[in-house]
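Notes for the one structure printed next.
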Amino acid sequence: MSEENTIETMQHEGRTFDPPKGVQQNAYVASMADYEALYARADQDPEGFWAERSRELLHWDKPFTKVLEADMTTPCIKWFGDGKLNVSANCLDRHLTDGRRNKAAIIWQGEPEDDVKVFTYQMLYTEVCRCANLLRKLGVGRGDRVALYLPMIPELAIAMLACTRIGATHSIVFAGFSAVSLQNRIDDCQAKVLLTADAVLRGGRAIPLKGNVDEALKTCPSVEQCVVVKRAGIDIRMVEGRDIWWHEAMAAEDISGECPYEKMDAEDPLFILYTSGSTGKPKGVVHTTGGYLTYAAHTTQWVFDVKDDDVYMCTADVGWITGHSYIVYGPLALGATSIMFEGVPSFPKPDRFWKIVEKFKVNIFYTAPTAIRALMREGTDWPKKHDLTSLRILGSVGEPINPEAWMWYYENVGGKRTPIVDTWWQTETGGIMISALPGATPLKPGSATRPLPGVAAAIVRADGSDAGPDEGGHLVVKKPWPGMLRGVFGDPERYRKTYFDRFPGMYEAGDGARVDKDGYFWIMGRLDDVINVSGHRLGTAEIESALVAHPSVAEAAVVGMPHHIKGQGIYAYVTLKSGIEESDGLRKELVGHVRKEIGPIATPEVIQFTDGLPKTRSGKIMRRILRKIAEGQIEDFGDTSTLADPTVITSLVEGKKDLL
Ligand code: WTA
C-alpha cells in the first residue's frame, strides 16, 4: 500500500438474509454449525482436510502420500507433491464411466439465438482428444506453452483441455486485448503454438481478431504455428507455412478421437494467466495441476452447491480466471453441466441473460456487479418478462457489490427466493476464498461474508499485527491453500516481492478490508495502483506507459474514478510535450491510442491535460491528490506540505472545472 492510501469504512449494512429452507435442506454445508465445525477442523488439521477433499473430488493416477510442503517466506509451496494426475482425465475420461457419458458437459449458447451446441461428456472427450492429437502433431509436448486468443466458442474449452491432456501449459489471452498486449504475453511465455479465430461475434458485429494476431506475430519468433477457427467467416490473411484452419486440421485422416493422456506431477504447471499489478508489465500467474484442480472442484461444489441435475451458468469470459475456474475446470471436474455464453448481456435486448436462464432452466447463475448495475438501469420489466423460477443460487464476483445492486439482483432475478453468494477471490488465489455457503451463511448485502473452511484469511495492520473488529487493514491469508499461485512466470523474485515480502509468512492480497463483529469480511478495494474496471484489473502503470508511448505526451498519471456502472473508470492526467496544442481531437487520439495499445477495456473515461503533476520534492507523484480531484472532492487535500509546487493543485482543480 502506498502511504497515501487511506482506508475508508464502507457503509454498515443492517439487513441480513437467512438461507432459504429449500436450499438448506440438501446443501453440502447445511448450517452455520456445520460451517463452524468444518472451519475449525480445517484450521486444526489443514493437511487432513485438504487431502480428504482432494481424494474425494479427484482421480489420482498415482495417489499422493505427501500433502503439503510449504514455506510461505521463500516462498515454496507444494501440494500433493508426489501424486500424479491429469486434468483432462479428471474433467472427461472418468465421466465416461460414472453414468455421465451422455450428460451435457457444455451447453454453448452462441451470440445468434439459434447458435446452440451441446457437447455431452463423450462428445467433448472426442473433440479434446482430437485437438490434443493435433497439438502433438504440431510438435507441442509436455511443458511447452500454447497461447489461446479465442472468443467464447467451444473450441476455447476444447483447446484448454487438449493442452492439459498432453501436459502443455496454456496461456489464454482475453480476445478483447490488443495486438500489443497479445504480443507481450506471447513473448513473455514463449508460446510455441497460437490458437485463434478470424473474428469475435459481439453485439451483432464481427470484430476482426486475426489482424491483431498477424501484427503481434511479426515480433513473436517463438510461435511456429497458428491454428485459426472460422467463427464469423470474414476475409482474413492466412500466412503460408504458419497458419492453418482448425476445421481442416481437425478433420485430417491421421487425427484420431482417442489420445492417451500424460500422467502429470501434481506440481507441474497447468496454465499461465497474465494479470495486472501495480508496477510494470502484467505478471504471468502460474497455477499447477493437483492443487488448482482440487481447489476449483471443491469451491464449485460447496459455494454453488452444484447437484448432478443442475444447469449451471457463469457469464464470465474464459479469458479471465473466473472463466477458467468456474466455466471449465471446476464444473467439468464435478461432472456438471456448464453453460458457455458468447455475447453481451444487452444484445439484442437487455434480457439476454434472462432469456437464457428461461430457455435452459438455469439453476445456478454467477455474474458480476457491473453487469447487474448495467441491467438495473434498463428496469425491472426485462427480468419480469421471463420465468426465472428455476434459479436456486445466484453469485457475484469481481468487485464489491453495492447493496443497491445486491437488492435488485435478489428481488428481481432471484425473486427473493435465492441466496446470493458474493465471492471474493483473485487470479492468484485460483478459486473462491471468501464467500457465503448458500445453505449455511446468513447474508449481509455488500459483504463477501466468511472465509471458506481451510482459508486462513485475516486483516492485519501495516505492521503485520491483527486488526481489531471493524478496523480496516490489509487482507492477508496466513496459511497456504491448494489453489494458490505457485509463481510469476520467469520471475521468482517478483513472485516473492509482490505477495510474500511485506508480511512475512503471509500471502498479501493487495486488497483492503475490515471484519465486523460477526466475523464478516467487507472488502474495500485495492490498496495498490490497480484499477478495477467492470471487474477487470488494470494497472495504472500500464496505462501510463501506453500514454507516454504517444509522441505528443511528455508525462501521464492515471487514477481510478467512481463510475456508476463500471465500478471504476480510468482518469488520466496528461502533460503534453512543449509546443503541442491541447485539443479535443488530440484527446480522442489519445483515447484511441490506449485502446490500441492495451484494448478497449482500458478506454480512459477522462483525459485532463495539465501543465504539471503534483510531485513531492523527491519527484514522487502524489496520487492521493489526483484521486481526490478525479472523484470531484476538491475541498480538502490533507497534508500537502511535501509538494514541490503547491500551486499545481489550483491549476488541476481549474482544469477539472473546465472539463465539466
Ligand atoms: C476484486 C477476479 C470485492 C479484488 C476473481 C481482487 C472483489 C480483484 C471481489 C481480483 C468481491 C474480486 N468483492 N472485490 N466479491 N471479487 N474482487 O484477479 O480487488 O481479476 O483483488 O480476479 O478483484 O481480480 P481478478
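Residues take their numbers from the sequence shown, with the count starting at 1. When a ligand or atom number is given, it counts from 1 through the structure's own listing order.
At a heavy-atom distance under 4.0 Å, only backbone atoms of T423 (N, CA, C or O) approach ligand 1. For R537, every heavy-atom contact with ligand 1 shorter than 4.0 Å involves the side chain, none the backbone. When non-hydrogen atoms are compared, ligand 1 lies under 4.0 Å from neither the backbone nor the side chain of V530. In T427, the parts holding a heavy atom less than 4.0 Å from any atom of ligand 1 are both the side chain and the backbone.
Here the protein heavy atom with the shortest distance to atom 5 (C) of ligand 1 is W425 CE2, 3.5 Å. Of all protein heavy atoms, the one closest to atom 3 (C) of ligand 1 is P400 N, 3.0 Å. For atom 4 (C) of ligand 1, the closest non-hydrogen atom on the protein side is D511 OD2, 3.0 Å. Nearest non-hydrogen protein atom to atom 9 (C) of ligand 1 is E399 N, 3.5 Å. In this structure, the protein non-hydrogen atom closest to atom 1 (C) of ligand 1 is G398 O, 3.2 Å.
The aromatic ring centroids of W79 and Y295 lie 6.0 Å or more from each other.
Residues R145 and H170 form no side-chain contact, since every pair of their non-hydrogen atoms from C-beta on lies 4.5 Å or further apart. Put simply, the side chain of T370 reaches to within 4.5 Å of the side chain of E399, judged on heavy atoms.
Listed by number with element, the atoms of ligand 1 under 4.0 angstrom from any heavy atom of I321 are 5 (C), 22 (O). Atoms of ligand 1 found under 4.0 Å from any heavy atom of T322, numbered from 1 in the order shown, are 5 (C). Residue N532 approaches ligand 1 through these ligand atoms, each under 4.0 Å from one of its heavy atoms: 1 (C), 23 (O).
Assignment of W424 to the shell around ligand 1 is supported, since a heavy atom sits closer than 4.0 Å. Ligand 1 has no atom lying under 4.0 Å from any heavy atom of G525. Look at A448 and you'll find every heavy atom at least 4.0 Å from all atoms of ligand 1.
A salt bridge links D310 with R392: the closest approach of a Lys/Arg side-chain nitrogen to an acidic carboxylate oxygen falls below 4.0 angstrom. Of the charged side-chain nitrogens involved, at least one lies within less than 4.0 Å of a carboxylate oxygen, so that E428 and R537 count as a salt-bridged pair. Salt-bridge check for D466 with R461: failed, with every basic side-chain N at 4.0 Å or more from each acidic carboxylate O. Using a 4.0 Å cut-off between charged nitrogen and carboxylate oxygen, K517 and D470 do not count as a salt-bridge pair.
Atom OG1 of residue T337 and atom CD1 of residue I106 lie 10.0 Å apart, to the nearest 0.5 angstrom.
Side-chain atoms of S276 and E542 include a donor-acceptor pair closer than 3.5 Å.
With hydrogens and angles ignored, the 3.5 Å screen pairs a side-chain donor or acceptor of T441 with a backbone N or O of L437.
The shortest N or O to N or O distance between E428 and ligand 1 is not under 3.5 Å. Between S396 and ligand 1, no pair of N/O atoms sits closer than 3.5 Å.
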List the steps, then state whether ring pair (Phe, Tyr, Trp, His ring centres under 6.0 Å) holds for F365 with F353.
-> CA-CA 9 Å; F365 181 81; F353 284 166; 5.5 Å; yes

